[in-house]
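Atoms within a ligand are numbered from 1 in the order they appear, just like the ligands themselves.
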Amino acid sequence: MSSNVPTKIFKRSCPICEASCGLLVHADTESRQVIRIEGDPDDFRSQGFICPKSQAIKGIFEDPERLRRPIRKTDSGEWQEIDWDTAFDLVVKGLLAVREKFGYEALAVYLGNPIGFDGGTMPYSAVFMRSLMTTHVFTAATMDHFPKLVSSNTLYGRANILPIPDLDRCDYLLCLGGNPVVSQGSLMSAPNVKKRLQALRQRGGKFIVFDPRKTETAHLADEHIFIRPGSDVYFLFAMVQVIFAEGLVSLGHLSEAVEGVESIRELAEDYSPEAVADITGVSAGTIRRITRDYAKAKRACCYGRIGTCTVEFGTLTSWLVDVVGILTGHVDSVGGAMFPRPVTGDLEAGPVAAFNPGRYHSGVRKFPEINGQLPCAVMAEEIDSGVGDKQVRAMLTMAGNPVLSTPNGERLDRALGGLDFMAAIDIYLNETTCHADVILPPLTQLETDNFDALAPGTAIHNYARCSEQVFNSDPGGLPQWRILLEIAARLNGQSCEELEQELLVKQCQRLLSRSHSPAYGVPLEEALEKLQLEPMGPLRQIDLMVRAGPYGDGFGNRAEGLSLAKLRETCSPVDLGPLQPRLLEILRHPGGRIMLNHPYILGDMPRLKSKLEQSALESSSSKNLLLIGRRQPQNMNTWLHNLPALAKGKPRCTLQMHPLDAEARSLVEGEEVRVRSRVGLVTLALELSDDMMRGVVSMPHGYGHRGSSIRLSVAKEKQPGVNANALTDENSVDVISGTGVTNGIPVEVDSAA
Ligand SMILES: Nc1nc2c(c(=O)[nH]1)N[C@H]1C(S)=C(S)[C@@H](COP(=O)(O)OP(=O)(O)OC[C@H]3O[C@@H](n4cnc5c(=O)[nH]c(N)nc54)[C@H](O)[C@@H]3O)O[C@H]1N2
Ligand SMILES: Nc1nc2c(c(=O)[nH]1)N[C@H]1C(S)=C(S)[C@@H](COP(=O)(O)OP(=O)(O)OC[C@H]3O[C@@H](n4cnc5c(=O)[nH]c(N)nc54)[C@H](O)[C@@H]3O)O[C@H]1N2
Ligand code: SF4
Ligand SMILES: [Mo]
């Protein structure tokens, strides 16, 4: 390249979604311009593939409306730029004032989705949360995969023991409630999932989709089967019934560990294919055929995603996805559902853990805490009708937009307006952060190094990677980790440096004492000295995890092993091999058991049975339709609508309905319709589609950009849409996980004219 063209090429993983595709970022670092972003053909995971959202990191970096400096709301409601020290002072004073006046429980915190894509946040999130000293902890997980975490707690003894499809070696994929061709895979980090699904078919495999909408993924499948929203639990139980009735049980190498097989057989007796045909809309013959094909296939995987989680029986459904796999030998075996081995050592053998939910409860509806979280569905009521010293008076949100992403968002919108104090760590002034008194915006991805923290835990092939910084950090900005550390340190009455050093020493002591670590026995001083090669901050914390982790160099004990420096040398993903069977070594239940009959799960069986009995009595003439969600290629939940490249085109927030359902209501293509649920009403354009199941309508979430309080002019003009969570009902939850139901909401639809 000639010297008068100052463009350089930087390798980064895309931080927008779990696929974490490899990007080549062409940038002029002097003028701080991103020239172009393209796929990295040498990235062994994504092989040059990118989706439209890959352009977002350029768009976000350039967006004039992105916040670059802390801002505070003045008494007249205007926003005023302030320096960081003043901002931290305001945040800490605001939180402490509420804590002193009302007690610890008066503070709540909500963490959103993008924190998973910032490796710098990972080492400090625990200390940050501890410094807030509240039990009012909410995250987007209780709108997402929380049921799967509860299921893993009960089956395997730990929430993060998550089965991931071994997609590239699978020959029979049963996909329930996921649309990976659009979402690009979730709980399955698999860049270019479309190509991988096509490859599955090309090698003679089969791939079947169950979905109330004939999705982009379903169009590629061997077979698509409509299923009524929320009813997969019955379909899966019928599979279990058939597996026992037809002698298809084959526990394989897990047989010594599995406990409770007989009780599952007994429970399944109530759910024969005939018994569930009406409620699921799937014929008994189809259920038997699919079950036999799945059970007998050599390398088969049952995979469930959002449509199996954010439903009325999300936990039982997620659990049954694993149960059918365990019973047929398709869990922890090649081509089935397997368990990755992340480089940070997050998924290694460890002490037994008791699943012990309900150490405390929410104030109003008394929902039990699970893994230290309360459901998003109770967030608004804890604020607007909280009880005594449990009433929430102050809130801190980080990388989330719960007004658009949690149930009855309109109620939350009003509730946030009534808080005594609110702070947000976010890069936009949006529907949620507009309620804050102070907003702290972190630097963008291109101005920091990154480390893939989340995706290796769900990757279909083991890997590790670092990403290189493109631009020098804006001198007036701070990285996210520094913001967390600063707040935590100030709340603890320490300096940032003291807190960081304390954490590093503690982590070192913990990791060096693990007998299976390659760093076992390395003297503390030696490890600390070697870690000084990385600057203060997350990089040396990550270096520690990597070097003491399963592939690590053990600080020299295993010279060929990995360190952060080695990962940084390439900035490409490092191939750590295909997934290996390893469930037996990582189980956390006492005695290394897999508990099919955990009492927490069995406790939800009466609810399941009574719903089936009740539905047999109900007439089918109800006017209600069932609302489900719909992800779209150019969106990422609520937050990319302000980027012109992604907001262009026709308005996308439409209600899809089958033409015959429209005819029955005298509705026509394109007209404005009113959609009403128990909690709210929205008006949007109707789109007729043969891809919809009869009786089901679909709309995307993440829209509803309006009003003068937000600073998202492109979103407001190009893709305002309406808030799907104005319709979702905070009373409708998967009871045993508290997860909000976003699929299967009863609604009525009529003409807005
Ligand atoms: N009806 C319905 N509701 C749903 C869903 C559904 O399918 N249907 N899906 C649910 C699911 S799966 C999820 S994960 C949730 C998502 O719910 P949320 O996490 O609440 O929503 P996001 O849109 O992901 O929030 C992104 C926020 O992070 C900010 N942000 C982006 N990058 C950064 C960063 O680097 N640092 C910081 N501090 N902020 C950043 C953005 O400005 C934005 O405010 O929505 C849930 N809600
Ligand atoms: N482009 C894009 N990609 C994304 C996101 C985005 O907003 N946009 N969000 C990201 C996030 S946070 C997540 S968690 C993932 C989610 O990843 P996916 O789960 O793959 O994404 P969804 O499109 O929500 O797929 C859910 C599917 O379930 C179907 N469904 C609804 N109800 C039922 C039911 O009861 N049974 C069955 N069998 N199916 C049902 C819906 O029709 C839909 O096709 O996507 C991620 N990727
Ligand atoms: S699929 Fe996800 S990771 Fe890959 S380019 Fe698109 S947004 Fe980025
Ligand atoms: Mo999600």
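- The Ile306 neighbourhood of ligand 1 comprises atoms 12 (S), with distances under 4.0 Å to a heavy atom of that residue.
- Distances from atom 34 (C) of ligand 1 to the heavy atoms of Gln480, Met398, Arg66 put Gln480 nearest.
- Between Asp144 and ligand 2, no pair of N/O atoms sits closer than 3.5 Å.
- Those atoms of ligand 2 with a heavy atom of Gly230 less than 4.0 angstrom away are 34 (C), 35 (O).
- Within the 4.0 Å heavy-atom cutoff, Ser405 counts among the residues contacting ligand 1.
- Near Met143, meaning under 4.0 Å from one of its heavy atoms, ligand 1 places the atoms 10 (C), 11 (C), 12 (S), 46 (C).
- Annotation: atom 6 (C) of ligand 1 to nearest protein heavy atom, His701 ND1, 3.3 Å.
- Nearest non-hydrogen protein atom to atom 23 (O) of ligand 1 is Thr638 OG1, 2.6 Å.
- Neither the backbone nor the side chain of Cys51 comes within 4.0 Å of ligand 2, counting heavy atoms alone.
- Scanning the protein for heavy atoms near atom 3 (N) of ligand 1, the closest one is Asn725 ND2, 3.1 Å.
- On a distance-only criterion, Thr728 and ligand 1 share no N/O pair closer than 3.5 Å.
- The distance from ligand 1 to the heavy atoms of Tyr110 drops below 4.0 Å at these ligand atoms: 17 (O), 18 (P), 19 (O), 20 (O).
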**Request:** Determine, step by step, whether Asp232 and Phe313 satisfy the side-chain contact (heavy atoms from CB on, under 4.5 Å) criterion, reporting the C-alpha distance in whole Å, the side-chain angles of both residues, the deciding distance to 0.1 Å, and the verdict.
**Result:** CA-CA 9 Å; Asp232 302 63; Phe313 294 97; over 6 Å; no

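- Contacts of Lys53 with ligand 2, taken as heavy-atom pairs under 4.0 Å, involve the side chain alone.
- Considering backbone and side-chain atoms together, Cys17 places no N or O closer than 3.5 Å to any N or O of ligand 2.
- The one candidate from Asn430, Asp63, Leu429 that meets the side-chain contact (heavy atoms from CB on, under 4.5 Å) condition with Leu712 is Asn430.
- The heavy-atom pair separating Val714 from Ala647 by the smallest distance is CG1-CB, 4.0 Å.
- A donor-acceptor pair under 3.5 Å is formed between the side chain of Lys716 and the backbone N or O of Gly707.
- Distances from atom 17 (O) of ligand 2 to the heavy atoms of Ser231, Ala141, Ser183 show the closest one on Ser183.
- Between Asp413 and His435, the side chains place a donor N or O and an acceptor N or O closer than 3.5 Å (distance only, hydrogens not considered).
- Defined by atom type and a distance below 3.5 Å, a donor-acceptor pair is missing between the side-chain atoms of Arg711 and Thr433.
- Note: no N/O pair closer than 3.5 Å links Arg305 and ligand 2 by distance alone.
- Looking only at atom types and distance, the side chain of Thr142 has no donor-acceptor partner in the side chain of Gln373 under 3.5 Å away.
- If you look at Thr215 next to ligand 2, the close heavy atoms, those under 4.0 Å, all belong to the side chain.
- In this structure, Asp661 contributes its side chain and Gly695 its backbone to a donor-acceptor pair below 3.5 Å.
- Judged purely by distance below 3.5 Å, without hydrogens or angles, the side chains of Arg228 and Tyr234 never pair a donor atom with an acceptor atom.
- Comparing Asn113, Val741, Asn637 against atom 7 (O) of ligand 2, the shortest heavy-atom distance belongs to Asn637.
- Looking only at heavy atoms of the protein, atom 32 (N) of ligand 1 is closest to Trp639 CH2, 3.6 Å.
- Of all atoms in ligand 2, numbered sequentially from 1 with element shown, those under 4.0 Å from a heavy atom of Phe210 are 37 (C), 38 (N), 39 (N).
- Side-chain contact check for Arg213 and Gln656: at least one donor-acceptor pair (N or O, by modelled atom type) lies under 3.5 Å.
- Closest non-hydrogen pair, Ser677 versus Val747, comes out as CB-CG1, 4.0 Å.
- Taking the charged nitrogens against the carboxylate oxygens, Asp40 and Arg12 have no contact shorter than 4.0 Å, which rules out a salt bridge.
- The shortest heavy-atom distance from Gln445 to ligand 1 is not under 4.0 Å.
- Near Tyr428, the atoms of ligand 1 lying under 4.0 angstrom from a non-hydrogen atom of the residue are 42 (O).
- Every atom of ligand 2 with a heavy atom of Asn743 under 4.0 Å away is listed here by number and element: 31 (C), 32 (N).
- Evaluated by nearest non-hydrogen atom to atom 33 (C) of ligand 2, the leading choice among Gly744, Gly307, Gly177 is Gly307.
- The closest donor-acceptor contact from the side chain of Arg630 to the backbone of Ser698 lies under 3.5 Å.
- At a 3.5 angstrom cut-off on N or O pairs, Gln632 counts as close to ligand 2.
- Classified by interplanar angle (parallel below 30°, tilted 30° to 60°, perpendicular above 60°), the ring pair His136/Phe138 is parallel.
- For ligand 1, the atoms sitting less than 4.0 Å from at least one non-hydrogen atom of Gly112 are 19 (O), numbered in the order shown with element in parentheses.
- Looking at Tyr428 and Asn401, their side chains never bring a donor and an acceptor atom within 3.5 Å of each other.
- The single protein non-hydrogen atom nearest to atom 25 (O) of ligand 2 is Asn179 N, 3.5 Å, given as residue, atom name and distance.
- Within the listing of ligand 2, atoms 1 (N) sit less than 4.0 angstrom from a heavy atom of Pro633.
- Only protein N, O or S atoms were considered, and those under 2.8 Å from atom 4 (Fe) of ligand 3 are Cys21 SG.
- Ring orientation note: the planes of Phe237 and Tyr271 are close to parallel, at an angle under 30° on the 30°/60° scale.
- Any N or O atom pair closer than 3.5 Å counts here, and Arg631 shares at least one such pair with ligand 2.
- Looking at Thr406 next to ligand 1, no N or O pair under 3.5 Å apart turns up.
- For the pair Asp474 and Arg69, the salt-bridge criterion is met [side-chain N within less than 4.0 Å of a carboxylate O].
- Both the backbone and the side chain of Ala399 come within contact range of ligand 1, each with a heavy atom under 4.0 Å.
- Comparing heavy-atom distances from atom 43 (C) of ligand 2 across Asp211, Thr742, Asp232, Asn635 singles out Asp211 as nearest.
- Checking Glu65 against Asn642 by side-chain atom types alone, a donor-acceptor pair falls below 3.5 Å.
- Under the 4.5 Å side-chain criterion, counting only non-hydrogen atoms from C-beta, Lys195 is not in contact with Phe49.
- In this structure, a donor-acceptor pair under 3.5 Å is absent between the side chains of Asn450 and Arg465.
- With hydrogens left out, the protein atom closest to atom 40 (C) of ligand 2 is Pro212 CD, 3.2 Å, a heavy atom.
- Counting only N and O atoms by type, the side chains of Thr121 and Asp118 include a donor and acceptor under 3.5 Å apart.
- Nearest protein heavy-atom neighbour of atom 42 (O) of ligand 1: Asp426 OD1, 2.5 Å.
- The two atoms that bring Phe117 and Gln445 nearest to each other are O-NE2, 3.2 Å, heavy atoms only.
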